[in-house]
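Below: one structure, written as structure tokens.
Everything quoted here is computed from the prediction, not taken from an experiment. Convention: sequence-line order gives letters A, B, ...; per-chain numbering from 1.
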Protein chains: 2
Amino acid sequence: MFKLSRLADYAVVTMVELGRHVELVTAPALAQETGLPEPTVAKLLKVLLADGLLQSRRGARGGYELALPLKDISIARVIAAVDGPVMVTACVDGGDCGCTSGCSLKGKWDVVNDAIRATLEAISLADMTRGAPDGAGGLSAGVRRGPESAAPGAAVLGG
Amino acid sequence: MFKLSRLADYAVVTMVELGRHVELVTAPALAQETGLPEPTVAKLLKVLLADGLLQSRRGARGGYELALPLKDISIARVIAAVDGPVMVTACVDGGDCGCTSGCSLKGKWDVVNDAIRATLEAISLADMTRGAPDGAGGLSAGVRRGPESAAPGAAVLGG
DNA sequence: GCATAGAGTACCGCTCAGGTCCTGTTTTCG
DNA sequence: CGAAAACAGGACCTGAGCGGTACTCTATGC
């Protein structure tokens, strides 16, 4: 059903929560604030740390903090850290799909994949905190049916 | 890892293969041409038929055919038929997520979901057969970072 | 009337995400 | 110097859901 994993969902929530603090936050504290199970949060934080999205200090009085401001972290970045790179099918990026014989679509999924990836990279965690920037349709307004009608480089939204 | 199901992948392959025929095609024939297991193809065809994407004739000399031309069928349509509607998280469209207490992101995922959905609706099966419509970046060019700068209703791509 | 082929339903096994636990290491504080 | 706090890094278990299979029924054509 083309959904991202719950862990990725949690990761975004956790990151946003972390963004509300200026000092170090411990894993248990984050778990309590987000309402998520503590071991899961701890596991998540380790993954995000390993990916460079967080910084940590060990020992007593230790904790986690963001390595970047929320606005500089895209949804795609968080998802990639937790679930691995975005790949809509196994065929993407030269991956091996089972349909080697009659599969005429090899490589074609890259188009879909790139489109999805670009969409996710266009949304930052800061955008999530304030919801839709200019009304509900604000963000997705830039995405419209246009393979036939759109000229290359016709994007006029981003400055 | 944010991938669509294998069945959805298979469905697209099968639909495209169907698009290469003008007459009725049987499930076994499609299975052979695509290299996919026969029972799986048969199951898939029933689902696609139930969703109105295909037409069928029963009995001897029966088979399946497309109900619409390839260019009028979006990837999103096929995925929705096989996997259900696109929902990046359970929170989308008023769905119930577990994080009811401290979840400050309720409803915010709709933005992401709409963006993804729009992206998938912008790609037709015909686009898959000929690869990228206007170059690799052509499709995703419509998706750009613009929460601050974009005015509501600023979409100019779709005619 | 028989062969062909779709229609419908039910079932099963396997994979993997999600969750838990344990142990080690580092740092601070008394 | 020792104890406590908190991160680090595994291993392991479980359950849901995807993917695959089988069986039966119905409709059509020769």
Side-chain angles (χ1 to χ4, degrees), chain A residues 1-11 13-14 18 21 23-32 34-65 67 79 81-84 87-90 97-99, chain B residues 1-11 13-14 18 21 23-32 34-65 67 79 81-84 87-90 97-99:
Chain A
M1 54 187 85
F2 208 69
K3 62 162 58 168
L4 49 81
S5 70
R6 204 185 309 179
L7 267 302
D9 184 357
Y10 290 173
V13 175
T14 304
L18 259 172
H21 295 77
E23 293 197 337
L24 294 175
V25 196
T26 68
L30 269 176
Q32 188 176 355
T34 57
L36 301 175
E38 187 173 321
T40 300
V41 173
K43 188 180 191 175
L44 224 40
L45 289 170
K46 291 169 194 169
V47 173
L48 294 170
L49 174 70
D51 203 77
L53 288 171
L54 300 180
Q55 290 177 337
S56 69
R57 197 159 71 204
R58 301 175 66 161
R61 302 287 306 259
Y64 294 92
E65 65 182 349
I79 294 174
V82 176
D83 288 343
M87 301 174 68
V88 294
T89 72
C97 59
C99 50
Chain B
M1 56 174 85
F2 206 68
K3 61 163 56 169
L4 48 82
S5 70
R6 203 186 310 179
L7 267 301
D9 184 356
Y10 290 172
V13 174
T14 304
L18 261 172
H21 295 78
E23 293 197 337
L24 295 175
V25 196
T26 67
L30 270 175
Q32 188 176 355
T34 57
L36 302 174
E38 188 174 321
T40 300
V41 172
K43 188 179 190 176
L44 224 39
L45 289 169
K46 290 169 193 169
V47 174
L48 294 170
L49 174 71
D51 202 77
L53 289 171
L54 300 180
Q55 289 178 336
S56 69
R57 196 159 72 204
R58 300 173 66 161
R61 300 289 305 258
Y64 295 92
E65 64 182 348
I79 294 174
V82 176
D83 288 344
M87 300 174 67
V88 294
T89 72
C97 58
C99 51

Less than 4.5 Å apart, any side-chain heavy atom of [X] and any of [Y]?
| X | Y | value |
| --- | --- | --- |
| B:Leu48 | B:Leu18 | no |
| B:Lys46 | B:Tyr64 | yes |
| B:Thr40 | B:Leu7 | yes |

Rounded to whole Å, please give me the gap between [atom1] in [X] and [atom2] in [N].
| X | N | atom1 | atom2 | answer |
| --- | --- | --- | --- | --- |
| B:Leu24 | C:dT4 | CG | P | 18 Å |
| B:Gln55 | C:dA7 | CD | P | 12 Å |
| A:Glu38 | D:dA6 | CD | P | 10 Å |
| A:Arg6 | D:dG15 | CZ | C1' | 11 Å |
| B:Met87 | D:dG17 | CE | C1' | 16 Å |
| B:Leu36 | D:dC18 | CG | P | 18 Å |
| B:Lys3 | D:dG17 | NZ | P | 18 Å |

Which of residues 41-50 of chain A sit near DNA chain D, with a heavy atom under 4.0 Å from it?
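Contacting residues: A:Lys46, A:Leu49.
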Smallest separation among heavy atoms of [X] and [Y], with atom names:
| X | Y | answer |
| --- | --- | --- |
| A:Ala8 | A:Ile79 | CB-CG1, 4.4 Å |
| B:Glu38 | B:Ala31 | CA-CB, 3.6 Å |
| B:Ala11 | B:Leu44 | N-CD2, 3.6 Å |
| A:Arg61 | A:Leu24 | O-CD1, 3.9 Å |
| B:Gly62 | B:Thr26 | O-CG2, 3.7 Å |
| B:Thr34 | B:Val13 | CG2-CG1, 4.0 Å |

Among the candidates [options], find the nucleotide nearest to the side-chain atoms of [X].
| X | options | result |
| --- | --- | --- |
| B:Thr26 | C:dA5, D:dG20, D:dC7 | C:dA5 |
| B:Ser5 | D:dT21, D:dG19, C:dG6 | D:dG19 |
| B:Tyr64 | D:dA8, C:dA7, D:dG19 | C:dA7 |

Base, backbone or nothing for each nucleotide of nucleotides 23-30 of chain C, written B, S, -, heavy atoms under 4.0 angstrom, 5' to 3'?
-BBBBSS-
Answer yes or no: does a side-chain N or O of B:Ser56 lie under 4.0 Å from OP1 or OP2 of C:dA5?
no
